[in-house]
Protein chains: 4
Amino acid sequence: MKIRLAILGQGLVASHFEAGLERLKDGDMKPYGVPLANFPLPYRPEDLEIAVSYDVDNSKVGRSAYDVAMDLMGKEFPVPRGLKDIEVRRGIHMGSARGMPYSATGLEESRGLDAAVGALVDDWRSLGVDVVINVITTESGSAFGSADKLKEAVRSHAPNLTASHVYAYALAEYASARGGASFVNSIPTPLANDEGVIGLYREKGAVVLGDDGATGATPLTADILEHMAERNRKVEFVVQFNIGGNTDFLALTDPGRNSMKELTKSSIVDDILGYDAPHYIRPTGYLEPLGDRKFVAMHLSYLSFNNALDDVYVLARINDSPALAGILVDLARLAKISLDRGVRGTVYQVNAFYMKRPGPLGSQSISKIIAFEGLKKWLGSGS
Amino acid sequence: MKIRLAILGQGLVASHFEAGLERLKDGDMKPYGVPLANFPLPYRPEDLEIAVSYDVDNSKVGRSAYDVAMDLMGKEFPVPRGLKDIEVRRGIHMGSARGMPYSATGLEESRGLDAAVGALVDDWRSLGVDVVINVITTESGSAFGSADKLKEAVRSHAPNLTASHVYAYALAEYASARGGASFVNSIPTPLANDEGVIGLYREKGAVVLGDDGATGATPLTADILEHMAERNRKVEFVVQFNIGGNTDFLALTDPGRNSMKELTKSSIVDDILGYDAPHYIRPTGYLEPLGDRKFVAMHLSYLSFNNALDDVYVLARINDSPALAGILVDLARLAKISLDRGVRGTVYQVNAFYMKRPGPLGSQSISKIIAFEGLKKWLGSGS
Amino acid sequence: MKIRLAILGQGLVASHFEAGLERLKDGDMKPYGVPLANFPLPYRPEDLEIAVSYDVDNSKVGRSAYDVAMDLMGKEFPVPRGLKDIEVRRGIHMGSARGMPYSATGLEESRGLDAAVGALVDDWRSLGVDVVINVITTESGSAFGSADKLKEAVRSHAPNLTASHVYAYALAEYASARGGASFVNSIPTPLANDEGVIGLYREKGAVVLGDDGATGATPLTADILEHMAERNRKVEFVVQFNIGGNTDFLALTDPGRNSMKELTKSSIVDDILGYDAPHYIRPTGYLEPLGDRKFVAMHLSYLSFNNALDDVYVLARINDSPALAGILVDLARLAKISLDRGVRGTVYQVNAFYMKRPGPLGSQSISKIIAFEGLKKWLGSGS
Amino acid sequence: MKIRLAILGQGLVASHFEAGLERLKDGDMKPYGVPLANFPLPYRPEDLEIAVSYDVDNSKVGRSAYDVAMDLMGKEFPVPRGLKDIEVRRGIHMGSARGMPYSATGLEESRGLDAAVGALVDDWRSLGVDVVINVITTESGSAFGSADKLKEAVRSHAPNLTASHVYAYALAEYASARGGASFVNSIPTPLANDEGVIGLYREKGAVVLGDDGATGATPLTADILEHMAERNRKVEFVVQFNIGGNTDFLALTDPGRNSMKELTKSSIVDDILGYDAPHYIRPTGYLEPLGDRKFVAMHLSYLSFNNALDDVYVLARINDSPALAGILVDLARLAKISLDRGVRGTVYQVNAFYMKRPGPLGSQSISKIIAFEGLKKWLGSGS
C-alpha cells in the first residue's frame, strides 16, 4: 500500500524530503534521522510517493522539484533524477511570504479564494492524495478558536487568514468529499492547537498533526532540562541562541514571525522543570554563509547538592532541513495510520514527540525521551 | 523512623554528604541534587543519621568529621558544627590507597584481618547501623564470581582482596547476626556486579546497591546518546574528556585504577545506541587547581536524514563530590527500603538509574531518563 | 605624586575600581587585570585617589560609595571601609538614563545647565581633580563635528546633548581655568572620536582618551582575527553573542543604545582582516541571573590551505565590570601622563590598545597585541 | 627562478602540499593558509617544484604521488593529475616507523647506511634539489649536541640515530658538495635545536629551519596566553586536549613519541606568561573517524581585577595536514631565501613564527603575533 503526498512549500525541507525518499528507494543510503525507521509500522518509508508540490515563488512555479532542488542544495547534496517527475504548481499566498526576497503570487489572486480552494480539492482528488504536508516558510498567524469562525473567515476572505489556514481548510473539504484525509503541519502557525481547525476536522473526518516540527536545538534542550529535573537540580538560568542562513532564519528577522517561534521555544522550560527558570531562548539572527547548518549555543547553570553551582555549555552545528525532512518520513506515515485507526481531529501522543508545540491546545511540553515512550505505547496499543 | 549510617572514606564526598544533611536538618538549604527529594518515600532525607565514619589516612583517623571537612572544603562551603559529633575511626586498607600522597594504615595491619572484620561488626552492632556507604578512593579490584571464592579469599587474606571487599564481607556478617543490613557501593570495584557478593548477600540476608555512582558527565552522555538513538541518527564517533583536581582524579593517574573507570564509561555507547560507535571516553588527567570542579569536554558527530552531518559539543564544569553526595541521600534510603521490602541481593531498578555500572552482572546500561521511569514504577509497585 | 580623580557614574564599574584601589593600597591583593601594573610608569596604581563621585540615581545620590557598593556587589566581593569617605554627589542627567528602572534627577534640572556646569568646575577646583573618568550607563549620542557646534549646543541646551557631552564640556572649562586636566571616556558616546570635543580640548588645553573601553569579548575576538589574518586564512563568517545581567545589558535592550555598541564591535572585522567577512557581532540580550558575569559565545569558520574548512568556537564567562575597572587603573594614569607630556587633544597609541573605538575619528581598529607593542613604544619614547 | 624540492614522507601533509601547489599553478584556488602569500618575496608559491618524494612504507614506494594521494584524501579533496609525475622513492627508515601499522623498509637496510646517504646525495644532485622538506611521521629522537658526535653516530650507525638525523646529515654532505642547500624540519625531532646539526650546517654551508611546524591549537593557545599576559591577568590553569584520526595521532599513542610533543607544547606557558601556570597540554588520543580533522578542547581560568574569576573555553575542528602544508609553502621559500642571503645554520626570526619549538636551542617561545612582527622586520631588513 502506497501513501500519496502533496507538499506545500518547495523549499529546502521539501527538497531534502523528496531527495531522501528517492535515495532510500534506490538503496543509496540508510534511513538515518527517521525515528521509527526500524519500527514495524504498516507503511514503510519506501511506500511514500510525492504526487505534487505547491509554492508561490514565481521563480519556482512551473518548474520541476529537480530543478528547484539543484538550485537550493545541488552543491552539497546529490539530487536524484526521480525529482524531475514532481511538478511545482502555484499554491496559496494570502500575503504569508510578505517581505521575503522573492516575487510571490498566490492562486487566490487571479481566481479568488473560493475557486482556489476548489482547485486544490480537484487536484488532490485527481491525484489520489492521502496526506498534505505543510512546510511553507514561517508566517505570522493565530488561532480562530471555533470551526464557525474559521469557516466565516474563509467565506469573507478575512485578512487574518494565513496560507496555512486556507490549505488546512481545503484539506477538510477534500476529506469530507473523499471520506478522510490527513494534514501534517510542521510550521508554527497554530492548527493542531486551534480548536477551530480541530473542530472542523472532527466534523469533516480529517486528521491534523502539529504544530512546529521539533528538530534541532529545542528537543535537545528539552531532554537536557529533563535530565536536570530528574536529579532535582535547581536550574538558575538557561540561555540558547540560534543563528542560521536559510530562508527560515531570514523570515524570522521579521519580528512578527520571530515571536511565533519564541513562544514555542520558551514554554518548554516551565513545562519540564515545573518552575519558570529565567531563560533567554530564541532564534537570534540570520547570517547567510551559515546556510542550512545553523549554529546553536546553549548555557545553563544549576545548583546541585549542598548548593554547589555547576555550569553546562552546549554548542552545535545542525542541518536544519534534513532534520525536519527525516521526521516527516514518520509523520506522513503516522498521519495515514491515525486516519486508518479512525482518529478524527489530532493525536497528542504523536504530536508530543514530533512537535515543538504539541496539539491540542493546553497540552504540556514534555521531554522527548518520555514522549517517545508514550508514542511507542500508542503504536503498540493498536487503537 | 531514623536510618543509621556508617561512612567508609572520610573524603570530599563524605564531607559534602554530612554537611548537606546537617544543613537540610537546619532548614538552611533545599534538597537540590537529591532526585527523589519531592517523592513520597517512607523515609525523609532528614531521617538519615551518621553514626560513624572510617578512613585509613593517618592524618584523619581520630579527628572529627568537622575538622576533616574544614580542611577539605572549608574555604568554599559552610561546615555545620554538627559534624563535630562524627568520629573518624580507623578502617580497612588492604593496600587500596597505595601510591596516594598520604600515609595510610589499616585496622588489619595491627590486628589481623579476622579481628578487623570482627571489630567492624561490633562497631555497627553497638551503633545500630542500618546502611554502610562506601565512598573510599577508587581502588583496583575485580569480581570473585562465587560466594565461596570470596569467603576463601577472606579466610586466607588473599592479595586480590580490596578494602571494599572486606567491608562488604563484614556487612554480610553483620547482617547475618542482626537480621539484615544494606551496603551502598558508589565506587567502581564490582560488588553489585560480582556474583560472589550477590550470592553471599542472598545467603546472609543483605542488600547491596552498586556499582559506581552515576554523576557528572556519564549520565548526561547517556541521555544525549539516547536522544540520538531515538531519532535513528547514526553516531559517527563520541569523544569525552574529563580532568579534575580532587583525590579521585589523582588516584586515576594510576593506570590500574583508570582502566576501572574506562570500562564503566565506555559500555554506555554500545548499550544505548545498539552498535559500538567509535568512542574515546575516559578520565584523562589530574590538574590540581581544578579542584573538585572537574572539566568535561564532549564532542560527537552524527548522520541525520539524507546523510547530512551534524556536530554537537558539550562542555561542563561540575562539582564532582556534591553530585555524588546528593544521590547518596536517595541511595541510603533506597537501601533501607529495599531491605524493608524483603529484597536480598541487589535491585536492578535502583542501580539502573543511580549507577554507572548497574548490577547484577550482565545488566544493560540504559539512558537515565528511561531508567528513572523504571525506578518510579518499582517504587510505586510497593514490592 | 598623587592623581586625584572624579568618577562619573557610581555603578558596578566604579565600585570595583574604588574597591580594588583600596585593596591594592591595603596590600590585600595583586594588581591583576591592570595591563601596565609591572611597567615602570611615573605613577603607581596606589597613587590614584578618588576625590568624588557623581550619579543621577536618586537612591544613590547623597550616600557613600561604600553603601552603594555594598548593595551592588557586597555578596560576591569584599567592600573596603575606605569607600565610606567617597561621597556620591548629584551629576548631569540630560535624559541619558531614560527608560532605566530607577528614578533619576540631574543637577541641571533644578539649576539650569550653565549653573550645573559651573558647579562641577567649582567642585573639581576645590577638590584638586586631575582626571575625570566617565563610566555612566551607555547612552544614545553622536558627534558634534566642531568645537563651535558643541559650544553652541551647550549654550542653547540643545536636545541632542548627552550627559557625557556636558561633563566633557565642563572638563574643558575646568582645564582652561586651571591649566590642564584629563578626561577618560570608557563608554560608546563618541568623544575622542568627535572633532568637536578634540578641537575644544586642543583649544582649552585638555586631554581626552576614548571611546568605549575594550574589555571582554571584543579584544579577544580582535586577537583571534589577527591570528587568522596573519596566516592568510579566509574567514568565512564570524558570529558573536553576548548576554549579561548587569545594568549595561539592561540599557542595551533599548535599540538606540544597542546600535551604539554594534557599530563599535563590528568595525573590527573589516579593519583587521582587510575584507568585510560576513559577521553577526552584537550584544544580544539581558538575563538578570547572569549578573555582571556575562556569557559570550563565538563561532568562526575559515578556509585553510587547499581550501580545507576549519571551525573554531570560543565560550566565556567574563566579569564585565572588574575587567573595565582594571584598565581604568592604567587609563587614569596615562591620562595624567599624557597631560604631563604636553599632549592636548587625544593619544591614538593609548586609545588603540584600551578602546573599542579608538579616537581620533578615522583611526583603524588593530589587533590588541599589535596595539600593545605600539603603546609600549610610545611610553618608552618619552614624548 | 624556480625552487626544486625533495619531500621526505609521502603522507597526508605531502599530499596536501603537492596537490595545493598544483591547484595554485592551475589557478584553481587561492593561497589561503599561506601566511606570506601576499607579501612581496623573491619567490612566488608557483615557483616551487616537487622534484622527488621519499617514503619507507612498502605500499607507497614505487608508486606516484597521485596514487598515494588518491588513497589518502581522494574522497574529500581533488587530486590534480600533475601529481602523477612525482615518483615516491625508498627513503631512510632507521626504525623510525616502528610500531606503525604498515610494513616499512629503509634504503639503509639493503645497502648499508653509507651507501644510502650517498644515494640520496646523488639523487639530489641529479635533480637539482634546493630544499629538502621533512614531513615524516613523528619519531622518538634527541639532540647530539656537537657536530662531531653526530658525525661519529653516522659513521658507527649508532642506535640513537633517527631517519631525520640521517636525512639532515645527507643534506649537509650535499650542501658541501654543491655549495649550499636547505632543510626544513617540520617534525619534533630536534634538528634546529641541536647544536650538533647547527654546527655541522655552519661548517658545510647549509640552512636548517625547525623544529615542529606550528599549526593547529598550539599557536592559537600561544596567542590567547599573550592576550592574557598583556592584561596582566593571572592564569590559574590551562587545559588543552587534542584528538585526531590521522597517522600522526596514531604514532603519538606510543609514549616515547608522545613525550616529544608534550615537551614542545608545554613550554609555551612559562615562556609567554612568565610563570609556570599549572597546565595539562598534550595530544591525548587517537580515534580513527576524526580523520585529519582533529578536535581540540581548551579551558583556562584567570583572575581579573579585584580578583574576579573568568572562564574561557575554546573548541576547534582543524584540518591538521593542510595547515602544515600551507606554512611549508612559506618555509620552502624562506629556506631558499635564507641561503641566498648567506645564512649558514638557522634563522630564529623564521623559526619563531613557524615552529612550535623554534631553534636554536634556548630560544624562547613567544606569541605568534609578536613573532610575525619580527619576521616581517627580518624580511624587510634585507639581511
Side-chain angles (χ1 to χ4, degrees), chain C residues 16-17 19-20 23 29-39 73 76-78 215-216 219-220 223-224 226-227 230-234 292-293 296 302-319 321-329 353 367-370 372-373, chain D residues 16-17 19-20 23 29-39 73 76-78 215-216 219-220 223-224 226-227 230-234 292-293 296 302-319 321-329 353 367-370 372-373:
Chain C
H16 275 286
F17 181 61
R23 293 174 72 189
M29 64 168 209
K30 298 211 171 145
Y32 298 138
V34 179
L36 298 176
N38 303 315
F39 202 90
M73 65 181 214
E76 292 102 24
F77 290 89
T215 59
L220 184 58
D223 282 351
I224 289 174
E226 175 76 22
H227 180 91
E230 281 179 6
R231 283 157 185 79
N232 198 34
R233 292 170 180 165
K234 175 73 184 322
D292 193 45
R293 255 189 119 213
V296 181
Y302 61 85
L303 291 179
S304 170
F305 190 63
N306 215 4
N307 283 352
L309 185 71
D310 294 347
D311 293 315
V312 174
Y313 306 84
V314 179
L315 297 175
R317 284 294 303 272
I318 296 176
N319 290 274
S321 302
L324 186 48
I327 67 171
L328 290 178
V329 176
F353 180 66
S367 88
K368 294 307 177 191
I369 293 185
I370 299 299
F372 194 62
E373 296 301 295
Chain D
H16 275 287
F17 181 60
R23 293 176 72 188
M29 63 168 211
K30 299 213 171 142
Y32 298 137
V34 178
L36 297 177
N38 303 314
F39 203 90
M73 66 182 213
E76 293 102 24
F77 290 89
T215 60
L220 183 58
D223 282 350
I224 289 175
E226 175 75 23
H227 180 92
E230 280 178 6
R231 283 156 186 80
N232 198 34
R233 293 170 180 166
K234 174 74 184 320
D292 193 46
R293 253 189 120 214
V296 181
Y302 61 85
L303 291 178
S304 170
F305 191 63
N306 214 5
N307 282 352
L309 185 71
D310 294 347
D311 293 317
V312 174
Y313 306 84
V314 179
L315 297 176
R317 282 295 301 273
I318 295 176
N319 288 275
S321 302
L324 186 49
I327 66 170
L328 290 178
V329 176
F353 180 66
S367 90
K368 294 307 177 190
I369 292 184
I370 298 300
F372 193 63
E373 296 300 294

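Proteins come first, then strands; the chains are lettered A, B, ... in the order of their sequence lines, and each starts at number 1.
Ranked by heavy-atom pairs under 4.5 Å with chain C, the first of D:N38, D:L303, D:L324, D:L220 is D:L220. Your options are D:G20, D:A19, D:A323, and the one with the most heavy-atom pairs under 4.5 Å with chain C is D:G20. The greatest number of non-hydrogen atom pairs below 4.5 Å with chain C, out of D:G33, D:A325, D:P219, is found for D:G33. Counting heavy-atom pairs closer than 4.5 Å to chain C, the top residue among D:D292, D:V314, D:L36 is D:V314. Interface summary for chain D: among C:G326, C:P31, C:P322, the most heavy-atom pairs under 4.5 angstrom belong to C:P322.
Proximity to chain C (any heavy atom under 4.5 Å) is shown, for D:I327, by neither the backbone nor the side chain. Residue contact with chain C, scored on non-hydrogen atoms closer than 4.5 Å, involves the side chain of D:R23 exclusively. Looking at D:V329, only its side chain comes within 4.5 Å of chain C, counting heavy atoms on both sides. D:P78 does not touch chain C: none of its heavy atoms, backbone or side chain, sits under 4.5 Å away. For D:Y302, the part lying near chain C is the side chain, with the backbone staying farther off; criterion is any non-hydrogen pair under 4.5 Å.
For D:K30, the NZ atom sits in a loose shell: 12 or fewer heavy atoms of surrounding residues, nucleotides or ligands are nearer than 6.0 Å.
C:F77 approaches D:N306 most closely through the heavy-atom pair CE2-O, 3.5 Å. Summarising the geometry of C:E230 relative to D:P35, their closest heavy-atom pair is O-CB, 3.2 Å, with the distance given to 0.1 Å. The two residues C:F305 and D:F17 come nearest to each other via the heavy atoms CE2-CA, 4.1 Å. Closest approach of D:N232 to C:A37, counting heavy atoms only: ND2-CB, 3.4 Å. Between C:D223 and D:R231, the shortest heavy-atom distance links the atoms OD2-NH1, 4.5 Å. Shown here for D:E226 and C:I369, the closest heavy-atom pair between the two residues is CG-CD1, 3.6 Å.
Of the inter-residue distances, the one linking D:D311 atom CG with C:I318 atom CD1 reads 9.5 Å to the nearest 0.5 angstrom. Interatomic distance, OH of C:Y32 versus CG of D:D310, reported as 14.0 Å (0.5 Å rounding). One finds the CG atom of D:L309 at 11.0 Å from the CZ atom of C:R317 (value rounded to the nearest 0.5 Å).
Contact of the C:I224 side chain with the D:H227 side chain is not registered, since no non-hydrogen atoms from C-beta on lie closer than 4.5 Å.
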